[in-house]
Every structure is written in C-alpha cells, then in structure tokens.
Amino acid sequence: MASVKSGWFSRLVGRSPNLSMRLMAIGIAITLFFLIVALFAPVFQAWGWLQDPREALMNPPQAPPSAQYWLGTTRLGYDVLSRTLFGAQVAWKVVILATLLSILVGVPLGLVSGYKGGKFDRVVLFAMDTLYTLPGLLLSITLAFVVGRGIFNAAIAISIAYVPQYYRVVRNHTISVKTELYVEAAQAMGASTWRILTRYLFLNVIQSVPVLFTLNGADAIMTLGGLGFLGLGLPEEIPEWGHDLRLALEVLPTGIWWTALFPGMAMTLMIVGLSLVGEGLNEWVNPKLRNQT
C-alpha cells in the first residue's frame with residue numbers, strides 16, 4: 001500500500017517527491033483538519049459533545065484540564081476546548097472573506113491596468129505601490145478603527161493589505177502575455193477588450209493566485225489574531241484566538257497556562273499548515289524552482 005501511494009504521488013509531481021512536496025502534504029493534512037473542525041464544530045455542539053462557546057456561567061472559572069473539561073476553562077468560565085474549536089470556524093470565515101475581497105479588487109485591476117497601460121496603469125501602479133510599502137498590520141488596524149468590529153468588517157480591514165499583491169502579480173503576467181500571437185490575432189479580428197481580458201488573458205495570468213491565496217490566508221490569521229489581541233477584531237462574545245490569548249496572558253503569571261497554550265497552538269498550527277501549502281504550490285506552479293530541487 002505504501003508503494004502504491006508513493007507511486008501515485010510521484011506521478012502527481014512528475015518525479016520523486018522532494019522535501020517541499022512532502023511538507024506540502026503535511027500542510028494539506030493540517031489545513032484539512034482545521035477545515036473539518038470548522039465545518040463540524042456546530043454539529044458536535046448539537047450532539048452535546050461541545051458546549052456553546054459563548055456560555056460561561058455554567059462552568060467553574062479557571063478549572064484545569066480534566067475528564068470533564070478536557071482543555072480546562074477560562075477565568076470567565078468559558079470552555080477552552082469549545083472556544084478553540086469554534087475559533088477555527090471564525091478564522092476560516094475571516095480568511096476566506098478577506099482573501100476573496102482582495103482577489104475581487106486586485107485581479108480585475110491588474111488585468112485592466114496591465115492590458116491598457118498608459119496613464120491609467122501609472123496611476124493605479126503608484127497607488128498600489130504606496131499601499132504595498134505600508135505595513136499590513138498597520139493598515140488593518142487603521143481600517144479597523146474606521147469600519148468597526150465584526151466578521152465582515154475584520155475581513156475588510158485585513159483585505160486592504162493584500163490587494164496590491166494580487167494586482168502586481170496579475171498586472172506583470174498580463175503585460176507579458178498580451179504580446180503573445182493569439183492575443184494579437186484576437187485584436188486583429190476585432191475582439192472587444194472585455195472578450196480579450198476574459199477569454200484570452202484571464203486564465204493565463206492567474207496561475208499564481210492560488211499560491212497567494214494560501215500564503216495570504218496564513219498571514220490573515222496572524223493579522224486577525226493581532227486585531228483580536230488589540231481588541232479591534234471581533235465582538236468579545238465571538239470565540240477568536242487573538243482575543244482569548246489577550247485574556248489568557250493576564251492570568252498566565254498565576255500559573256493558568258491552559259487558557260493560552262491551546263488557542264496559541266491552534267493558531268500556530270493553522271498558520272504553519274497554510275504556509276506549507278502555499279510554499280509547495282509556489283514550487284509546483286514555478287517549474288524553475290521545481291527543477292532546482
């Protein structure tokens with residue numbers, strides 16, 4: 001069975017799997033685990049296996065891990081296991097919303113800017129380069145003050161830092177692809193700009209978008225944790241790892257370690273999983289990197 005799996009994976013990558021491909025497989029496993037947790041956490045709660053992460057008064061405060069409370073409780077009486085698992089669901093919601101918003105803005109802008117060129121391209125490029133030079137967390141914090149707290153608002157605040165990345169990648173690919181013969185032939189036949197962008201350019205310039213999606217997803221989790229730690233992310237009753245870590249650090253000197261360990265471990269593992277997937281995809285879509293390993 002092991003040889004069959006190894007042969008299948010080798011055919012998938014076109015050669016014997018290197019270290020990067022093996023790490024990507026680990027990252028996929030970690031990412032799928034957190035995705036399953038996010039999808040089935042409400043089901044487990046409905047079956048009575050998990051408590052409501054927003055209910056606190058029913059539990060003793062700061063109870064250590066035990067057979068009744070597997071990961072212990074917080075100083076407010078929240079069940080750490082329930083808060084940690086539901087935190088994965090909240091993280092996925094914000095990550096997917098933030099990255100989709102970035103794609104919906106950055107990809108069309110990159111296509112139009114790279115294809116049209118001229119003054120429009122120079123103005124948009126200057127604006128995106130200006131955003132790109134600013135620290136992502138600082139941008140998110142500034143926008144979070146404006147839009148307020150909430151899942152969708154947090155996604156908006158986080159997405160602003162990723163729009164320039166999608167724009168730059170798609171624009172550069174568009175500039176190189178628009179000189180191909182099939183594009184020039186379409187132009188000579190009188191194809192409209194919309195048709196050229198959607199039919200001839202779009203699918204040829206988005207190869208790197210899945211790579212950015214996973215890498216930005218990992219960064220979005222860190223940014224969401226930072227906003228939650230600063231009290232700018234989500235409402236306090238919503239289970240979120242950064243907010244729980246802020247509350248946990250206040251009691252950590254007293255020996256209450258479990259309220260910080262498990263949310264922090266979950267956030268770290270999810271970041272590592274998405275990062276490994278992104279690095280593996282980057283090598284997979286870039287033949288030069290794959291041939292060097």
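Residues forming a side-chain hydrogen bond (donor to acceptor under 3.5 Å, both in side chains) with Glu250 (at least two apart in sequence, or on another chain): Arg75. Residues forming a side-chain contact (heavy atoms from CB on, under 4.5 Å) with Thr133 (at least two apart in sequence, or on another chain): none. With sequence neighbours excluded, the residues that form a side-chain contact (heavy atoms from CB on, under 4.5 Å) with Ser159 are Ala98, Leu101, Ser102. Scanning for side-chain contact (heavy atoms from CB on, under 4.5 Å) contacts around Gln68 gives Ser66, with sequence neighbours left out. Residues meeting the side-chain hydrogen bond (donor to acceptor under 3.5 Å, both in side chains) test with Glu279, sequence neighbours left out: none. Applying the side-chain hydrogen bond (donor to acceptor under 3.5 Å, both in side chains) rule to Asp79 yields no partners; only residues at least two apart in sequence or on another chain are considered. Remark: Asn204 engages Tyr182 in a side-chain hydrogen bond (donor to acceptor under 3.5 Å, both in side chains) (not counting sequence neighbours).
Counting heavy atoms from C-beta outward, Phe262 and Leu81 have side chains that stay 4.5 Å or more apart.
There is a side-chain donor-acceptor pair under 3.5 Å between Asp219 and Tyr162.
Under the 4.5 Å side-chain heavy-atom criterion for Ile, Leu, Val, Met, Phe, Trp and Tyr, Tyr132 and Val170 are members of distinct hydrophobic clusters.
Each salt bridge (Lys or Arg N to Asp or Glu O under 4.0 Å) pair with one or both residues in residues 28-41, not counting sequence neighbours, would appear here, but there are none. Note on residues 140-156: no pairs pass side chain to side chain donor-acceptor pair (under 3.5 Å), not counting sequence neighbours. Within the structure, no pair that satisfies the salt bridge (Lys or Arg N to Asp or Glu O under 4.0 Å) test touches residues 97-120, not counting sequence neighbours. Contacts classified as salt bridge (Lys or Arg N to Asp or Glu O under 4.0 Å) and involving residues 122-138 (residues at least two apart or in different chains) are given here: Asp129-Arg168. Residue pairs that meet the salt bridge (Lys or Arg N to Asp or Glu O under 4.0 Å) test with at least one member in residues 59-74, sequence neighbours left out, do not exist here.
Between Val37 and Ala88, the shortest heavy-atom distance links the atoms CG1-CB, 4.1 Å.
The aromatic rings of Trp47 and Trp49 sit perpendicular, their planes meeting at an angle over 60°, well past the 30° parallel limit.
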Working for side-chain hydrogen bond (donor to acceptor under 3.5 Å, both in side chains), residues Asn216 and Tyr166: CA-CA 10 Å; Asn216 288 343; Tyr166 291 102; 3.3 Å; yes
